[in-house]
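These notes concern the structure reproduced below.
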Protein chains: 2
Amino acid sequence: MSNETTFYGVKEIARRANVSIATVDRVIHNRSGVSEKTKKKINDIIKELDYQPNILASRLASRKIISLAVLIPKVSEETDFWESPLKGISRAETEIKKYGVQAIPFFFDLNDRNSFNAKADLILEGNFHGVLLAPSFVEEAKQFTEACYSRKIPFTFIDSDLPDQHNLCYIGPHLYQSGYVGAKLLTYRLKERHKVLVINISRATDNYNYVQIEEGFRSYFKDHKLPGDIIRVDIQDTDNLSVSRELTKVLNDHEGIQAIFVTNSRVFAVAKFLEKSKRDDISLIGYDFLKENINYLENGLIDFLICHKPEEQGYRGLMSLYETLVLGTRIEKVQFMPIDIITKENQAFYMN
Amino acid sequence: MSNETTFYGVKEIARRANVSIATVDRVIHNRSGVSEKTKKKINDIIKELDYQPNILASRLASRKIISLAVLIPKVSEETDFWESPLKGISRAETEIKKYGVQAIPFFFDLNDRNSFNAKADLILEGNFHGVLLAPSFVEEAKQFTEACYSRKIPFTFIDSDLPDQHNLCYIGPHLYQSGYVGAKLLTYRLKERHKVLVINISRATDNYNYVQIEEGFRSYFKDHKLPGDIIRVDIQDTDNLSVSRELTKVLNDHEGIQAIFVTNSRVFAVAKFLEKSKRDDISLIGYDFLKENINYLENGLIDFLICHKPEEQGYRGLMSLYETLVLGTRIEKVQFMPIDIITKENQAFYMN
DNA sequence: CTCTGGTTCGGGTACGTACCCGTAAATATA
DNA sequence: TATATTTACGGGTACGTACCCGAACCAGAG
């Protein structure tokens, strides 16, 4: 701490190179109008002095505003999960607004691929300096980010990753391992043979997220050679009635189910069903720190929630663009969020 | 997001008040030399415009360096827990160094109250603008912080709290609830009557932290009316041999112990003992994300670790002083850290 | 030779705030 | 009334960088 190094500025560079400040400035921002010779001379001095621009002065002098676009699902009745990332994004924005950065949100419908495309086109027209997006629709997102790449607009993924793209970074969970943790918790107190149920409640059953999670979940059983059955159910209609109907059926068909794992935040729907049908003998685990889920955690119907810090994802996502565009910092390309375990007892202190 | 509000500066205030910028400046920093009348006029305008000073310009123009003192235990052979807060503090420092803030660390010995006093005196002589400290010794810390208070030096507590002091804020765990969570995890798969062991490994057995944790731990059993025994052992000598001797004795005296709860980070010492004596039938829970603990988590001897984000504590602690002294932000007086649950499966992604 | 156009560069002002220095007015002191 | 002291305020410069505006210079065309 407090290593006393003197900071040199453009003035010193100009002095040493026998040129004006303006010329140094031109080199730093590689604008035109500088001969190769002086350019080299100045660059050498910059390296020698390990010049670090003063962001304060830089942002103060530059009156231009940096605009960042945010492309995420809208908060629907279906799930208010996306409230959290948005909150984090807002927090980041207020923090960097004073440096002349603004963020413009674009919301798409998770049940409508076209809405994604429409908003993406709007962003491309908008001449933004950077983009933060949730690549929920794989093909559409790839197309969009390729357009960004060719326009040299940096972009960051949150919530789920698209490997091998030209993204600045990915900030989100390691989904496979998250499912793995879910399996561990689910089986932690199951003694002999188990009989567990995996439920996917979503219109889009082919969603990349769920596939990854379930893979991790099943791997745990394989790795630990746990004997027993894993039953699997897809529920495409997300209303309470449909969920109730499907669950009744499944629990009738398969007797002796001891535990249920829900692959997303709609675990509260299952909790509601278990509450009504008075099945408090079944352990229940699901995702995300939503109010409804917390309620069922409180009254014991949900045993554990797993959460990946959605607010932090939004915050960091926007900051990653700020750090790149304004500060010029190097960013870690993959930043996995922790796989947080939430129980009735520690939920009051959770940081989303 | 992006609510377009025009920012007004001192210049505009000066214009409206029919005074010079210098006078406005005097009012803002309530320096002397302004008549009550103009002072009021300017203050009214400041309120009306909801004036927010431009930190960039402010820190740029002010060449004075703000010095913060950090008073925490030194990293000893006994425990390298304090590495993490220090890391967080360093991270915060590099982040705010560009705004002319520096942090000077002072380390005391957890086994020597006098070393705390000595360093505290050094800090008082040093004319610092703010102090971040871990009040490990209650009486000594009270005396020190009172001196800070009378000198109007703001100070923040981390790791443990001293209620009713004039501290800026406390950033750390809710110890009672943390013990409560420990009990939950410990008993989660114990079916019938339990027989559990609580171990406190530390020279200072009267430490405020441990007392609080144990209280929470025991409350869980009371609240859930769990039948069974809680055995308690104090181990004052922290070397492996002593730990081994004490544990052998206790496990002989009390047969059928199913689980052990260690109230601090020295749980690895217990794990080592269990490993040697091949007692993998006993569940083990303890504190903190230390390398040694993680190793035992990996090979299954430790079931859960509880952790309170020590690095984050250090980071936030220093930032709280920065936010107060530089930004003039209001700070939450009590900021509880989450009670994180770490297992073999999610440890790779934990954020300390 | 002059004229044009491009290249290369420096002077100077601005960003919003901090603070030194000087001065006019008000008040106290002789 | 003359002088000293205090009070209240304004002018102006500096912080480090961005960028506009023009100037000097050079090459080639006429």
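Residue numbers start from 1 in every chain, and the chains themselves are labelled A, B, ... in the order their sequence lines are given, proteins ahead of strands. Just so we're clear, the structure is a prediction, and the values are computed from it rather than from any experiment.
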Query raised in the report: Which letters describe nucleotides 18-27 of chain C, given B = protein heavy atom under 4.0 Å from base, S = only from sugar-phosphate, - = neither?
Result: BB--------
Query raised in the report: Is the phosphate of C/dG10, meaning OP1 or OP2, less than 4.0 Å from a side-chain N or O of A/Thr23?
Result: yes
Report task. Please report, rounded to the nearest Å, how far the P atom of D/dT7 is from the NZ atom of B/Lys39. Result -> 13 Å
Report summary line: For A/Lys39, the salt bridge (Lys or Arg N to Asp or Glu O under 4.0 Å) test, sequence neighbours excluded, returns none
Query raised in the report: Given atom CZ of B/Arg15 and atom P of D/dG11, what is their separation to the nearest angstrom?
Result: 15 Å
Query raised in the report: B/Thr38 side chain N/O closer than 4.0 Å to the phosphate oxygens (OP1, OP2) of D/dC9?
Result: yes
Query - A/Phe144: partners by ring-ring contact (aromatic ring centres under 6.0 Å, His included), with sequence neighbours left out - result: none
Query - ring-ring contact (aromatic ring centres under 6.0 Å, His included) partners for B/Phe157, two or more places apart - result: B/Phe155
Report summary line: Separation of C/dG10 atom P from A/Ile13 atom CD1, nearest Å, is 14 Å
Query raised in the report: Pick the nucleotide of DNA chain D nearest each of B/Val34 and B/Leu60; which residue has the one closer to the 5' end?
Result: B/Val34
Show me the donor-acceptor pairs within less than 3.5 Å that the side chains of residues 309-327 of chain A make with the rest of the protein, sequence neighbours left out.
from     : atom 1 : to       : atom 2 : distance (Å)
A/Lys309 : NZ     : A/Asp340 : OD2    : 2.8
A/Lys309 : NZ     : A/Met351 : O      : 3.2
A/Glu311 : OE2    : A/Arg91  : NE     : 3.1
A/Glu312 : OE2    : A/Arg316 : NE     : 3.0
A/Gln313 : OE1    : A/Asp159 : N      : 3.0
A/Gln313 : NE2    : A/His308 : O      : 2.9
A/Tyr315 : OH     : A/Glu95  : OE1    : 3.3
A/Tyr315 : OH     : A/Glu95  : OE2    : 2.8
A/Arg316 : NH1    : A/Gln335 : OE1    : 3.2
A/Ser320 : OG     : A/Thr156 : OG1    : 3.0
A/Ser320 : OG     : A/Gly317 : O      : 2.6
A/Thr324 : OG1    : A/Ser320 : O      : 2.8

**Report entry** Pairwise distance OG1(B/Thr145) to CG(B/Leu71) - rounded to 0.5 angstrom
**Finding:** 11.0 Å
Requested in this report: Measure from CD1 on B/Ile55 to C1' on D/dC15 and round the result to the nearest Å.
Outcome: 16 Å
Query raised in the report: Base, sugar-phosphate alone, or nothing: which one does B/Gly33 contact when heavy atoms must sit under 4.0 Å apart?
Result: base
Requested in this report: Would you please name every residue forming a salt bridge (Lys or Arg N to Asp or Glu O under 4.0 Å) with A/Asp25, sequence neighbours left out?
Outcome: A/Arg31
Query raised in the report: Do the rings of A/His174 and B/Phe349 sit parallel, tilted or perpendicular, given the 30° and 60° boundaries?
Result: tilted
Query raised in the report: In whole angstrom, what separates A/Ile46's CD1 from D/dT17's C1'?
Result: 13 Å
Query raised in the report: Given atom CD of A/Gln52 and atom C1' of D/dG16, what is their separation to the nearest angstrom?
Result: 14 Å
Query raised in the report: Across the strands shown, which category fits B/Ser32 at heavy-atom distances under 4.0 angstrom: base, sugar-phosphate, nothing?
Result: nothing
Report summary line: Per atom distances to the B/Lys11 side chain, the nearest of C/dG16, C/dG11, D/dT17 is C/dG16
Report summary line: Rounded to whole Å, the CG-P distance (A/Asn30 to D/dT17) equals 17 Å
